Each structure stands twice: as structure tokens, then as C-alpha cells.
Amino acid sequence: MHRLMLFNKQLHVGSDDFVFSASLEILMKFIGIIFIIVEFVRYLHDFECSTGHLVHSYLSGLMVFFALTVAVDYMIVQVSMRGTIVDDSPRKNITKFLYTRLVILVTEFFWTIYGTASITLHMPVCDSQPRVYWLACAAVILGWLAIIVQVVLILFVFEFKSDRNKAIITKHDWEKRWKGLFCCLSSNENQHIFSTLSRVCMQLFKKEEELVASDILAGLILVYNKQHQTRQQLDVVDAPLLTSRLRCKPYKTVPSPAMCRKSWMTFSEAALYMKYALGSYGWFYYIGLNNPVVATCKLMPRLNWGMKEPPGHIVKDDKLLANTAAFCLQTGCSIDDLVHVSFLNEIYAIPFYVCIDNENQSVIVAIRGTLSLEDILTDLVVERAPVCFGGIKGSVHTGMYQSAIYIRNKILLEGILENAFKRVEGYRLVITGHSLGAGVAALLALELRSIYPDLICFAYATPGELVSDSLLSYTEEFICTVALGYDVVPRLGLVEAIKLRIDILEAIRNCSLPKHQVIAGKCWTKIFGKADLDHLPTVHTELKSAKWFDQYIIEETLEKEKIIANFEPLYPPGQILHVLEKKDSNRAWNASPEYYAEWTDRQTFAEIVLSKRMIAHHFPDTLLYALRQLAEHDHLDLKKDN
């Protein structure tokens, strides 16, 4: 749990992180010993030249080094397996073995130099190269590779500039980290972004992290198993949802919001405009999410092979206009239906389409989701921006709001929407997008509603951090948010992330198993028959060596309260349609699931639910398939609810 200290420097690993790495090295070294012994004995008589003894001595010494490494690694594994994640007192002697292993590594480095010299001297002397010579060559090459890999890992885990007494991470430190992470972006042009992110991180992470990466992984596994147990219990027992903060039983219909459902909030409409949100991702998604061969064959004839100058309303697409062609294929619209296409992608400037759907009498603004580093930075600017819509004051996500302002200015100042409505008078304005595009679409709808009071917005997989509580009722008039299953994005917010962090800390504190058994999970149970993650004890054991961790949890809880006070909670906007998979234990592994849906409220997304499908449920093609299935079957429960 505590970060390991070697040579008075911190490591990015704990004392219980060597079980798998040292075990793997033991296996490799043991195989190497057996192989060298077999080959060495079989072809010993081949070395009769004057320098053959050099290769003999190198291979003999190599076996000794391998044996020493196996012995030391075995002790490292034994010590690293002791204790629990929090209680590291049984592992306090592991540093002695790690120092010994480093000495062996340094000595092995010089021995590899000797082996390199041995095979080099042997090469010109012997006319016929015996098999053991080639074995020595392979051993030297693999030895150098192993040394390079180990040195790189050591450099990676060591924090050479660490200071044991340093607790506070300064704003300058955070700026350096962000600039290093996004080194391919100009740090001068985006200085204000890095400064903003640094200010946020200063408030969220004031101290150096006590946990290492494997601790967080183990904590996530523990929380996942706890949530999974709760879901199973609620599937068997009709327990009230109020007994748990986790709303994990979708079969309990949530009462409808007070706002009356609008006539356009149907599965058919949701499926129709979802294809525009999906099409905005361009050619890469079109080929990747469809049959690549068929999609490529459809796309190729539509490309701009003549390299003609693109029309003035298509901005920043590639020379072949592949993204524009993919959008037309995905949505079924023609090139003449496109009013404006922009692929300019900078921070706060994301690609969007304006097109006309004559069949449904709509002018559609489709905004692309996250697909670049600039988009990621836009997502991360989570500061609150004060706004006022319809006479109601509130707060919104700053990064997405700035992107909405960019698109608003673009389509209004350049007369893009005006030109569209001149072509098709009486059509309605529909704004749509997925993920980041959904958040920007919802905020753009808020900005444009005073000009276009009849507009509607379909926001798919909307980020959880978007609008404040005061604006929710206002958005229910014209925004419909659609989320699928356990999609993490609508649940992801500062408050939710902090809650998950506290849950991870508490799960680690209450865990009585060592980390390697938690991470190995059921694989460990099948092999050794010990760990049972489905029935972990939740007793708060009293350990003197773990009292520091109790204080750590208390400090994190206090920090959570401060962050909640500094950052007003934000929620997905509008009326929320939650699409869920029907539970079917008899369904084949490769069969497509069946879906149903319910109208719900923001409390459904008040906590991050760890699930194997939490990422898959975010993909736009999965959501489009589910909506089309629901539209096809005309879900009876939803009609009854309406």
C-alpha cells in the first residue's frame, strides 16, 4: 500500500506488486537453465578450438546467475504475497531482497559484456560453428534485451525527483504534467487550457497520491464484485431500491418526470436522428462499425477522385472528401442536402454538419463526439460557467459551453441557418450529437431556443456533467437525453468520481485478501482454490498498521465535501430515456440482445456502475441498433406510459 522506497527514492509500485512479475521471471529463468544444460551437455565435445573455453565459461556463469535470480525472485514472491493491501508490515523486509536482486542485475550486466566478447573472439577461430556457439549468441542477445527491459522498467517505476517530505503538488507541477501528456499540442497557444486544468487538479488532488496503480485496479475489482452481488440480490429479492445508493435493478419502473412527454419523444424519432449523430464521426467510424469490405466498396465510388476543389460549404475535409461521403452514406442524404460541413478541429472548435432532411421536414445540426486530443481537452475543462436561459440562472460545463458558443456564432454570423430555412420554409430545427457532441448539442439548443422556439434536441450518451439543477425543468421542454445500459459517460462527473474513489478506499480497507489474489480473481481460485471474490468479508478489521489508512479515508471524505462545495453538481439535461438490455440467461454468447426502455430521472445516473458493458454501451452503433429495435417493435410499456 505504501509506496516502496529504494535508495531513499519513491517507487510507483507497492511492496505487494512483485508477485506476478517475479513469478514470470522465475519461469523464464528456469526454462533458460534447463535449455542451456541440455544443449551444453549434448554438444560439449564440439568446442575444441582455442577460444571455446570462453563460451563454456560464459554459459556456465549464466546458469549460475539464472539460479541466483530464481532463488532471490522466489523469496521476493514469498514476501510480496504476505499481508493484505493495507497491512504491509509483513512485507517490510522485501527491500533487502530487492537490493540483492539489483546487485545480481548489475553483475549480470558485466557478465553479458564478457559473453559478448567471448562469442566475438570465438567467431574467427573456429571454421565450423557448433550448436552451443549459436546458443551462446542467442543467450547474449536475449541477455541484452532482458537488461534493457529491466532498466526501462526501473527508470519507469523510480520517481527520481521525489521528495519524501513533499505533500502538496503545486499548480506549476500540474501544468508540467498536462503539457507533457499533450506534448504534441502547442503549449503556448493552449496555455490557458493547461492553466485551467491545473487549477482544477489543484482542488481535486491537493496531495501526492498514496495509492499505486495496482491498488486502484484491486479496488475497482472489489467495488465491481460488491455491485455485482447487489445486482444479483435485487434480481432475486424484490428489495426496495432505497436500501442501496446503487440503482441496479432496471425492472423497477421509475416514476415519470412531472413534465408531460412531448409528442416527438418517440423511439422512431430517436432512432432517426441517432444516425446523424453516428454519421458525424466520419469515414473511420463508418468503415470500422460496419463490414469493412462492404463499407469500403460503398465509400470508394463517392470519393473525390478527381481532386476537384471542394465546395465552399465543406470546410477542412480531406482532399477525397471521405468524411462527407461517409456522412451521406450513413444518413442517406445527398450532397445537395448539406448546407454546411466543418471539420475544423481545435480546442472548443469541434466538427459539425448542417443538413436538410426533406422526408422528415427538418434542418439538422449534427455535432461530432470525442475523436481527437483537442476534443479530450475540451471534455476535461470541467469548471462551471455561469449562464442564464429563459430567465433562469445556472451553471454549465465550461469546455462544452465554449464549443456551443463557437458553433452558435458560426451558424448565426455566417447565416448558415438562415440560408437553410430560406431553402425549406416551415421546417423544424433539430440539434443532435453523441457523447461530447451530445453535451455541445444540448447547450447549443439552450443558446438558440430564444431564436428558434420550436427547436428540439436529441442528445445521445450525454456527459453527466452538463447543466445545473436549476436548469433541468427548463430543458425538459425541448431536450431528450438517451442513454444505454451502464454507459459510464452519463454517470461520469466530479462528484460521482469522488464517490467511486471513496468506495474504492473503503473496499481496500475492508479487504482481507492479498492484492495478487484480488487481481487474479477466479483464475487464482481455479488454480489454488483459495480466493473467493464473490463472498468477500466486509468486516472492518482492526489493524494498528492500517490506522494511517483510516485517517487517509477521513481526509478524502473531507476533501469530497470541499469539492462538492466548490463545484456545483451538474446533471444530464432534459427528459431521460434509458434503454436497457433484457436479461436472458439462455441467450447465446454471439446473439444480439433484446432491449426495452423506461423514462427515468437523474438519480439513475447518480453513481458510476462498474460493469463489463460500461464501455461497450457507449458506442454509438450499439445505441443506434437498440433504438431501431425498439422503434421496430413499438415498445408497449412506453406507449402505455405516454
Side-chain angles (χ1 to χ4, degrees), residues 1-26 71-102 153-154 156-160 162-167 205 207-223 225-226 501-521 524 528 530-533 536-557:
M1 169 52 66
H2 282 107
R3 287 192 180 193
L4 202 59
M5 299 290 295
L6 288 180
F7 303 108
N8 206 32
K9 297 292 182 183
Q10 276 192 339
L11 275 68
H12 295 292
V13 294
S15 55
D16 52 356
D17 285 333
F18 298 95
V19 176
F20 300 114
S21 58
S23 298
L24 179 62
E25 189 174 38
I26 289 173
V72 175
D73 280 345
Y74 176 77
M75 295 306 300
I76 290 174
V77 170
Q78 289 297 313
V79 176
S80 187
M81 292 172 70
R82 297 173 185 170
T84 63
I85 302 176
V86 175
D87 183 18
D88 57 359
S89 56
R91 303 189 293 270
K92 61 183 179 181
N93 294 324
I94 196 170
T95 54
K96 299 177 182 178
F97 298 103
L98 292 175
Y99 283 128
T100 305
R101 180 66 187 91
L102 286 173
L153 290 175
I154 290 172
F156 178 77
V157 300
F158 264 94
E159 192 172 327
F160 290 99
S162 63
D163 183 356
R164 296 188 67 171
N165 299 319
K166 182 180 177 181
F205 310 104
K207 296 183 179 180
E208 280 284 2
E209 180 61 76
E210 293 287 345
L211 306 182
V212 297
S214 59
D215 294 332
I216 298 173
L217 174 61
L220 287 170
I221 293 172
L222 292 169
V223 173
N225 281 279
K226 182 180 178 181
R501 179 181 175 83
I502 300 297
D503 289 344
I504 289 173
L505 294 177
E506 291 177 347
I508 290 174
R509 177 61 181 84
N510 295 331
C511 180
S512 61
L513 294 176
K515 189 191 298 181
H516 64 276
Q517 291 189 23
V518 174
I519 294 176
W524 186 274
F528 300 101
K530 291 183 180 180
D532 186 2
L533 291 177
L536 281 173
T538 56
V539 180
H540 190 89
T541 53
E542 290 295 333
L543 296 170
K544 290 183 179 180
S545 59
K547 287 186 177 180
W548 69 272
F549 196 71
D550 293 330
Q551 183 61 35
Y552 183 45
I553 295 177
I554 293 172
E555 291 176 0
E556 288 293 327
T557 305

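Here the structure is a predicted model, which means the values were calculated and not measured. Side-chain atoms are counted along with the backbone in the values below, which use heavy atoms only and exclude waters and symmetry mates.
- Side chains of Met81 and Val77 form a contact here, defined as non-hydrogen atoms less than 4.5 Å apart.
- Judged purely by atom type and a 3.5 angstrom limit, Asn510 uses its side chain to pair as donor or acceptor with the backbone of Glu506.
- Although no hydrogens or angles enter the test, the distance criterion places a donor-acceptor pair under 3.5 Å between the side chain of Tyr99 and the main chain of Phe7.
- Between the CD1 atom in Ile508 and the OG1 atom in Thr84 there is a gap of 10.5 Å [rounded to 0.5 Å].
- Between Arg509 atom CZ and Asp87 atom CG the span is 9.0 Å, to the nearest 0.5 Å.
- To the nearest 0.5 angstrom, Ile553 atom CD1 is 11.5 Å from Ile504 atom CD1.
- Considering all non-hydrogen atoms of both residues, Ile85 and Ala218 come closest at CD1-CB, 3.9 Å.
- There is no side-chain donor-acceptor pair under 3.5 Å between Asp88 and Ser15.
- Asp17 places a side-chain N or O within 3.5 Å of a backbone atom of Gly14 that can act as its donor or acceptor partner.
- Aromatic ring orientation, Phe156 versus His12: tilted (interplanar angle from 30° to 60°).
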Report the C-alpha distance between Val212 and Lys515 in whole Å, list the side-chain angles of each, state the deciding distance to 0.1 Å, and finish with yes or no for side chain to side chain contact (heavy atoms under 4.5 Å, CB included). CA-CA 12 Å; Val212 297; Lys515 189 191 298 181; 4.0 Å; yes
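- You'll find the side chain of Pro514 stays beyond 4.5 Å of the side chain of Asp16, heavy atoms only.
- Rounding to the nearest 0.5 Å places CG of Asp503 at 6.5 Å from NZ of Lys226.
- Atom CG of Leu217 and atom CD1 of Ile519 lie 4.5 Å apart (nearest 0.5 Å).
- Smallest separation of non-hydrogen atoms from Gln517 and Leu513: OE1-CD2, 3.7 Å.
- Rounding to the nearest 0.5 Å gives a distance of 4.5 Å between CG of Leu98 and CZ of Phe18.
- With sequence neighbours left out, the ring-ring contact (aromatic ring centres under 6.0 Å, His included) criterion links Tyr74 to no other residue.
- Remark: the backbone N or O of Arg82 is paired with a side-chain donor or acceptor of Arg91 at under 3.5 angstrom.
- Contact of the Arg101 side chain with the Asp73 side chain is registered, since non-hydrogen atoms from C-beta on lie closer than 4.5 Å.
- Here the closest heavy-atom approach between residue Gly83 and residue Pro90 is recorded as CA-CG, 3.8 Å.
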